[in-house]
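Encoded as structure tokens, the structure appears first; notes follow it.
Computed from a predicted model, the values in this text were never measured in an experiment.
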Amino acid sequence: MFRRRWSGLPADPIFPANISELGYFINEDDEIRSLENADYYFHYFLTKNERYNDRRRFAYNEAIGNVVHSRLDAESLAPLRLPVGTKPIDPHVSIRISPDLPERSRVVLIVGEDNQQFGVLAHRVLGGKGGITKGSILNLVQALKKQPSSSTDPTPPGIIIANPSELWWWPEGKRGLTPVDRHYIPMTSAVHLGRAYDKARNGIPKNITTAEHVKCVFEEVVDKLVGKDVKLDIIAVGNSAEEVEKYLNDDEVWKKFGTMMGAMVVLGGFYHSDEFKCEGFKQFMQERARAYAIHHTPLDNPIAESFGNPGALGFTSFGCPAFSAGEANMTELVLIETHHSVLNWLENVALLGEAYRNEDVQIYGDDDGVIPEEVLQAWGEKDVEETEKHMKGTEKDMEEVEAEIKKDELHALEDGNSGHDSTPKKEVAVSKESSPGSSQDSRVAAAEKEDEGNVVLKVKDLKVTVEDGE
């Protein structure tokens, strides 16, 4: 009998969490390239063993995280452990805040996706074409530091970067992990299936879920560390945006935080406006919020008003005006593609203050057929001509389609006895004067024998009236 000892299982591979030791470097364009060939980005399929590739990717992501954190340090954003007061060795989730939040008259809260590494918007951009700054939160941080807080306060706004993703506590690593990275922590061997979630061991108090984390950020950071007269702007992405809306959509919560709400941007969220039960929050969304969604039209093209757009493809019931995210084709790219538009709009709201209200937007495809000027410029002359031609021909096309349908229905009634068989029919002309045993009967019988079931009798000079229902 053969048996295999635990010690005989292949060891789990270990890789250094260092970009250069992994064989990469950061070039002058802030992109991570291979040391062997600078034309190549990160290469996942190093071996045919998936576990080895995942473990190496885990180390690579950790190295990227170290770079992002060091740059956030350089931007003077201090780490804060939640729940507040937690020791470094105890389960906690780390966020970043401006050190002088109580002194700022405007604060911007950024809540990223609940499946991305902290500070990362999209690994496909950060580790590929675009680079570290573009693919991370650093782009927004640097841009926000150039904005004024209001028309009377030229100082930049304070910043809070939430961490709704790294909520799986890794005891050995003393840090939180994303739902994806938790599967790639070191195991006893390379063939172990993984580690099951244990709430007592892997849960973080007050931050078990994204919803709990959002609540913790508001109650322990916004409520206690932000000034009472501050204006709070929110940028929320994906599922995290839904959790933020759910939290604020409560009368008691809105009574507490509603007066400080300045503006809100929802990117890739799907929280339906029918769920709005708090009138204060509902009015805020209509007047001082906007959404960006994946759409085939150019960036910033309006696709829905606050009550939605039933004629548009996809979800539009945001409860606020919605705009196209341009070239973004997945949620993680929406904020990267729209961040200039998002930050410019937030700055505009901050400068106008309480007087700001969302403008009425012109939705492409309305009955008046008006196309916004910015859309015309983005599309180009040729595209506009083709679009207008298509719009004018739509009604005519629908009439032609209806006529074709009626024609097909009439043919179906005439050919009812054939069982609607699509096989070509053999036509045999029969006059109404034909008599039994005539040559015409012989021709019909011969045709039936030749191709049984596929004979259509054409009756000459015989009118047939077809009534509805027959």
R290 to F323 six-membered ring, cation-pi geometry met (6.0 Å, 45°): yes
D233 side-chain N/O to A263 backbone N/O, donor-acceptor pair under 3.5 Å: yes
Check: Y356/N358 side-chain N/O donor and acceptor closer than 3.5 Å: yes
Side-chain donor-acceptor contact under 3.5 Å, E279 with Q283: no
Expected output: side-chain R81 to main-chain T86 donor-acceptor under 3.5 Å: yes
Rounded distance (nearest 0.5 Å) linking atom CD1 of I336 with atom CE of M330: 10.5 Å
Parallel, tilted or perpendicular: rings of Y197 and W168 (30°, 60°): tilted
Cation-pi check, R33 onto Y40 ring (under 6.0 Å, within 45° of axis): no
Heavy-atom donor-acceptor pair, S150 side chain to D153 backbone, under 3.5 Å: yes
E50 side chain to N53 side chain, donor-acceptor N/O pair below 3.5 angstrom: no
Pair Q116, E332: side-chain N/O donor-acceptor within cut-off below 3.5 Å: yes
Test item: R195 and R201 side chains (from C-beta on) under 4.5 Å apart, heavy atoms: yes
Mutual orientation of the aromatic rings belonging to Y271 and F276 [parallel < 30°, tilted 30-60°, perpendicular > 60°]: tilted
H69-F118 aromatic ring centre distance below 6.0 Å: yes
Pair S20, N18: side-chain N/O donor-acceptor within cut-off below 3.5 Å: yes
Donor-acceptor pair, side chain of S189 and main chain of D12, under 3.5 angstrom: no
Side-chain H-bond candidate by donor/acceptor type, T133 with N139, under 3.5 Å: no
Ring geometry between H272 and F315 (parallel below 30°, tilted from 30 to 60°, perpendicular above 60°): perpendicular
Whether N27 side chain and I32 backbone form a donor-acceptor pair below 3.5 Å: no
Geometric class of the Y247/F257 ring pair [parallel <30°, tilted 30-60°, perpendicular >60°]: tilted
